[in-house]
Amino acid sequence: MNNKFTYQLIKHLADYFYLYLCKTKKKTNTNKKIMAKDFITRAENYSEWYNELVVRADLAENSAVRGCMVIKPYGYAIWEKIQRALDDMFKETGHQNAYFPLFIPKSYFEREAEHVEGFAKECAVVTHYRLKPKRDGTPGLEPDPDAKLEEELIVRPTSETIIWDTYRGWIKSYRDLPILCNQWANVVRWEMRTRMFLRTAEFLWQEGHTAHATSEEAIEETKKMLEVYAYFAENFMAMPVLKGIKSPNERFGGALDTYCIEAMMQDGKALQAGTSHFLGQNFAKAFDVKFLSKENKLEYVWATSWGVSTRLIGGLIMCHSDDNGLVLPPKLAPIQVVIIPIAKTEEQQAAVNTEAEKIMAELKVMGISVKYDNREEYKPGWKFNEYEFKGVPVRITIGARDLEQGIIELARRDNLTKETIPIEGASQKVAKLLEDIQENLFNKALSFRENNTRKVDTWEEFLVEIEKGGFLSCHWDGTVETEKKIKELTKATIRCIPLDAIEEEGKCIFSGKPSHKRVIFARAY
RNA sequence: CGGGGUGUAGCGUAGUCCGGUUAUCGCGCCAGUUUUGGGAACUGGAGGUCGCAGGUUCGAAUCCUGCCACCCCGACCA
């Protein structure tokens, strides 16, 4: 059963998930392979597959938790790794963590016109603060009509409004600036269609909100945080990203410019992995946040906001995983090395244990997280498979038979190769191997992206190429109408206008009007 | 909200068209014995409101009606 690992992987990452194999009338080919990269994505071309793999959160009898997920310990450990790495980088760039309320008065949203338009359709609204038994005597509870809130509260879909309402009280003079705050929190967006890890109704994220005295400084901050995200994606997640600016149509509600990093998944679709917004003075004006400048003039504050979410876990899975399960880059793997003993007699077990303890101690000194799995209820073959679908980068097998010759077996997850090495110096070898794997994963993903990025110059060609997936580098006339039309016809959107785009004269792929830069089109999650 | 589909044990399923003994099989779970270098074998065992409610019938997982839930496509989505 090829879907077995996927099922177990999901069980490990998210609790209370059901695996639902969509049944069709065709009963042949039920054992068709279900690829790792599709475990979140659904098979794009599922007509080939008579079983389709999807997951959903356990609803019990409560439709209100539609599209939410419980993240199991192993999945959460990955999130913690992501958090820690990012948080360190935020601190290095001078940011501090803070926390703002989950509930935002409805009226706050109404103050910034574009912002409210962007989020109004997906807000969870709190209207009452108390329940009471049903009035008609039937069992159950209902909101107490006497406990209706004067003003409805919105469960935050993002915190710009409440944070800028708070910043008003913090900012009086240029000496109070800049304010560089970050918040680790959950947010709720009532999406009509949810997809595990990529678009859940509730998700965990980090949102930075900064306030600056000048436009230049705010723009610099916006770009700096984009660089932080790009660095993190490439060096920790081993996921190459394109840095760019969003077209007006894809821009964040209330922003003047939205910068983003875009990654390519194994099926050629784009995933927006992080965004950094230059908000101009929009929120300062909406929430009346002014400061006295050095020149003794009253001015509105300049703002940025930036965020990444648990969607990164989805990106991580879809970027690297293979048919054997998850593949984690060593820098984000909760377990970097697993040691599996093979021994029959008690004597052999003792010998293997001693050797394992020694290697573990050496690895721990080097800051490598290592797990020794000496559970007796599972056989080695079982464990091999288990750690493969959990994506542990390096596996060491210590067998009594090999121990006599002073060797152990080293297996790497990224290319599934194995080698036997002397015990002497094994830990150094492992450390080196972890670095190799990190690098290899990045290079593999990078060459995949390069092989699937094409220049396209005619509309006919575009229509053919977009079906093949990947990024299409094309000229665009810069108008929203053209972009919308292309989206309507092909489902492809402008992922970004790359920051490193070269000046080049050309004609818009669709309208034929002049253009001087190529932009990236793709289908996206 | 529109179109299409599905509900049988913890999970995956057979049986439904064409009603008929005690609802099938696999995984997992429990007990015991033998096992351990790529998901062990055998024996025994536990586990079910057949989504819910009505109806037809001597008899309903199966037929009819209504409802509920979920999935897929669409609308929606930085």
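Residue numbers begin at 1 in each chain, while the letters A, B, ... track the order of the sequences.
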Categorize [X] for me: base, sugar-phosphate, or nothing, with a 4.0 angstrom heavy-atom threshold over every strand shown.
X	answer
A:R311	nothing
A:K418	base
A:F119	base

**Item:** Of A:Q272 and A:K491, the one whose closest RNA chain B nucleotide lies more 5'
**Value:**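 The answer here is A:K491.
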
With rounding to whole Å, what would you report as the distance between [N] and [M] at their [atom1] atoms?
N	M	atom1	result
B:A14	B:A9	C1'	14 Å
B:G39	B:G47	P	33 Å
B:A75	B:G12	P	29 Å
B:A60	B:G54	P	13 Å
B:G10	B:C18	P	32 Å
B:U56	B:G15	P	29 Å
B:C77	B:C63	C1'	44 Å
B:G20	B:C27	P	28 Å

Gap between atoms [atom1] and [atom2], on [X] and [N] respectively (whole Å):
X	N	atom1	atom2	value
A:E117	B:C77	CD	C1'	14 Å
A:Y525	B:C76	OH	C1'	18 Å
A:E122	B:C76	CD	C1'	9 Å
A:E377	B:A40	CD	P	13 Å
A:I340	B:G39	CD1	P	13 Å
A:K269	B:C77	NZ	P	16 Å
A:W190	B:A75	CH2	C1'	19 Å

**Prompt:** With A:Q183, which residues qualify under side chain to side chain contact (heavy atoms under 4.5 Å, CB included), at least two apart?
**Reply:** A:Y99, A:F100, A:R156, A:S159, A:A185, A:E207

**Request:** Would you indicate whether A:E117, at its atom CD, is surrounded by more than 12 heavy atoms from other residues, nucleotides or ligands within a distance under 6.0 Å?
**Result:**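 For A:E117, atom CD is not crowded (no more than 12 foreign heavy atoms under 6.0 Å).
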
**Request:** State, yes or no, whether a side-chain contact exists between A:F119 and A:T158 at a heavy-atom distance under 4.5 Å.
**Result:** yes

**Asked** Is A:D257 close to A:R251 at the side-chain level, that is, under 4.5 Å between some pair of heavy atoms?
**Response** yes

**From B:C77, B:G39, B:G74, nucleotide with atom closest to A:K121 side chain** =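 The answer is B:C77.
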
**Item:** A:Y378 six-ring face occupied by A:K383 cation (under 6.0 Å, within 45°)
**Value:**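 Not satisfied by the 6.0 Å and 45° rule.
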
**Message:** Taking donor-acceptor contacts at under 3.5 Å, does the side chain of A:E386 reach the base of B:G39?
**Reply:** no

**Side-chain donor-acceptor pair present, A:H209, A:S305, cut-off under 3.5 Å** =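 There is no such pair (donor and acceptor under 3.5 Å, judged by atom type) between the side chains of A:H209 and A:S305.
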
**Request:** Examine the side chains of A:T304 and A:T210 and answer whether a donor and an acceptor come within less than 3.5 Å of each other.
**Result:**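 Result is yes, a qualifying pair exists.
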
Are the side chain of [X] and the backbone N or O of [Y] linked by a donor-acceptor pair below 3.5 Å?
X	Y	value
A:E191	A:A201	no
A:R311	A:F203	no
A:H320	A:M237	yes

**Fill in**
When rounded to the nearest 0.5 Å, the distance separating CZ of A:F90 from CH2 of A:W306 is 5.0 Å

**Item:** A:K487 vs B:C77: side-chain N/O to OP1/OP2 distance below 4.0 Å
**Value:**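 So the side chain of A:K487 is outside the cut-off, no N or O lying under 4.0 Å from OP1 or OP2 of B:C77.
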
If you restrict it to nitrogen or oxygen atoms, what contacts under 3.5 Å exist between nucleotides 34-37 of chain B and the protein, and what is each distance?
residue : atom : partner : partner atom : Å
B:G37   : N7   : A:R401  : NH1          : 3.3
B:G37   : O6   : A:R401  : N            : 2.9
B:G37   : O6   : A:D402  : N            : 3.1
B:G37   : N1   : A:D402  : OD2          : 2.8
B:G37   : N2   : A:D402  : OD2          : 3.0

**Request:** Using the criterion of both pairing distances under 3.5 Å for Watson-Crick and G-U wobble pairs, give all stems of 3 or more consecutive pairs involving RNA chain B.
**Result:**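 In RNA chain B, stems of three or more pairs: B:1-7 with B:68-74, B:10-12 with B:25-27, B:29-34 with B:40-45, B:51-55 with B:63-67.
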
